[in-house]
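Order of the sequence lines fixes the chain letters, A, B, ..., with proteins taken first and strands second; residue numbering starts at 1 for each chain.
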Protein chains: 2
Amino acid sequence: MTTAPGTTPDLSGVPDAELLRLDHQVCFSLHAASRAFGGFYRQALKGLGLTYSQYLVMLVLWEHGPQPVKGIGDRLQLDSGTLSPLLKRLEAAGLVSRERSREDERSVLIDLTDEGARLRERALSVPRGVLDATGLSLDEVLGLQDVLGRLTAALGEAADAT
Amino acid sequence: MTTAPGTTPDLSGVPDAELLRLDHQVCFSLHAASRAFGGFYRQALKGLGLTYSQYLVMLVLWEHGPQPVKGIGDRLQLDSGTLSPLLKRLEAAGLVSRERSREDERSVLIDLTDEGARLRERALSVPRGVLDATGLSLDEVLGLQDVLGRLTAALGEAADAT
DNA sequence: CACAACTAAGTTGCGCACAACTCAATTGGG
DNA sequence: CCCAATTGAGTTGTGCGCAACTTAGTTGTG
């Protein structure tokens with residue numbers, strides 16, 4: 001599926017040059033929002049000694065428990081090229097353990113250390129500050145998530161089809 | 001201004017643990033959408049020999065003409081640490097020229113080469129493909145831009161206030 | 001059983017984002 | 001006029017994201 005016939009965006013009448021400007025704005029605003037979010041988290045997480053991406057990994061472990069690298073990668077859509085060094089850093093920081101599975105020697109199980117589990121308590125106060133700072137209502141947050149989710153899915157499909 | 005009194009998000013009643021889950025989803029979906037966008041552009045721009053960020057810089061030059069590094073940085077919210085090496089690569093690719101200004105010897109003027117200007121013709125076809133692939137209507141695109149813009153501004157302000 | 005296909009994790013290399021810094025040019029206040 | 005503060009560009013170092021690759025373990029098929 002490339003584009004559902006009934007849902008096709010009404011861009012046919014818009015000239016190319018105009019689209020180039022619009023495109024500029026769309027990809028820029030997404031890019032900028034993502035970096036602004038990242039910058040804000042950098043601040044908020046500095047006290048915990050975590051980067052934004054490390055925080056995402058910890059969220060997965062806090063919420064879903066021990067995971068193989070593959071499991072974390074599936075949930076965050078990240079590959080081993082990104083996760084392997086990141087997890088080594090989390091291990092070096094004493095927050096997670098890495099143990100090769102006995103059932104399947106290919107996979108490595110990531111688990112929280114006591115210190116990693118304790119960190120959750122301190123992390124609990126972070127999201128309220130962030131969500132407050134966005135100035136968005138709960139509805140807007142949910143709406144944003146919906147649009148972004150569809151966007152990601154659509155782009156993923158389109159990329160696969162290529 | 002931190003939060004407009006009348007617009008304060010109604011998050012007061014939501015427990016911390018729930019917020020942690022919600023936060024997970026918000027920052028993840030934004031992160032994922034940004035990367036999905038990047039991945040799609042990587043594909044679309046491969047033929048032009050540009051990366052996503054290089055494309056953003058070219059868009060600025062195509063739209064606004066010759067700019068000092070500072071000007072590009074202001075428009076894209078990027079600093080010289082990111083732009084300097086990026087512009088060197090664009091120069092090496094023969095797309096832009098870098099010339100130190102005579103009026104102010106501190107600033108370096110970036111201009112399109114003929115080849116860089118010509119590349120615009122080939123870039124014109126890119127955004128339609130991207131916007132099509134998103135599967136979003138024009139209204140949704142504009143709405144998304146609005147929310148993201150407010151989000152970025154709010155996070156920027158909040159970060160400054162810290 | 002043997003061997004090809006696949007899978008999980010890791011490594012390497014490149015470009016971007018950002019903090020912290022240097023250096024030179026410019027500006028402004030005493 | 002002079003010197004301190006500011007500004008624009010660049011450099012260095014760290015971490016992320018991804019493509020392309022390697023290595024080792026597992027699975028499926030003849």
Query raised in the report: Quick one: is A:S107 getting a side-chain N or O under 4.0 Å of the C:dT7 phosphate, OP1 or OP2?
Result: no
Report summary line: Out of C:dA9, C:dC16, D:dG10, minimum distance to the side chain of B:S80 belongs to D:dG10
Query raised in the report: Does a side-chain N or O from B:H31 land closer than 4.0 Å to OP1 or OP2 of D:dC16, or not?
Result: no
Query - Short side-chain N/O contact to D:dG10 OP1/OP2 from B:R98, under 4.0 Å - result: yes
Requested in this report: Under the salt bridge (charged side-chain N to carboxylate O under 4.0 Å, His left out) rule, what do B:R150 and B:D146 come out as? Steps first, then yes or no, please.
Outcome: CA-CA 6 Å; B:R150 283 189 291 131; B:D146 174 56; 3.6 Å; yes
**Report entry** Listed nucleotide nearest any side-chain atom of B:R42, set D:dC18, D:dG10, D:dG25
**Finding:** D:dC18
Query raised in the report: How would you label the contact of A:P68 with the nucleic acid (heavy atoms, under 4.0 Å): base, sugar-phosphate, or nothing?
Result: sugar-phosphate
Report task. By nearest nucleotide on DNA chain D, pick out whichever of B:G71 and A:L56 is the more 5' one. Result -> B:G71
Query raised in the report: Where the side chain of A:T82 is concerned, which of D:dT26, D:dC18, D:dG8 is the nearest nucleotide?
Result: D:dC18
Requested in this report: Identify, between B:R100 and A:L86, the residue whose nearest nucleotide on DNA chain D lies closer to the 5' end.
Outcome: B:R100
Query - Phosphate OP1/OP2 of C:dG15 contacted by B:S53 side-chain N/O (<4.0 Å) - result: no
Query raised in the report: Is a salt bridge present between A:D74 and A:K70, judged by a nitrogen-to-oxygen distance below 4.0 Å?
Result: yes
Report task. Compare side-chain N and O positions of B:Q77 against OP1 and OP2 of C:dC18 and report whether any pair is under 4.0 Å apart. Result -> no
Query raised in the report: Any side-chain N or O of A:S84 under 4.0 Å from OP1/OP2 of C:dT11?
Result: no
Query raised in the report: According to a strict under-4.0 Å criterion, is A:K88 in side-chain N/O contact with OP1 or OP2 of C:dT11?
Result: yes
**Report entry** Overall bend - the helix from C:dC1-D:dG30 to C:dG30-D:dC1, comparing terminal axes fitted on five pairs, nearest 10 degrees
**Finding:** 10°
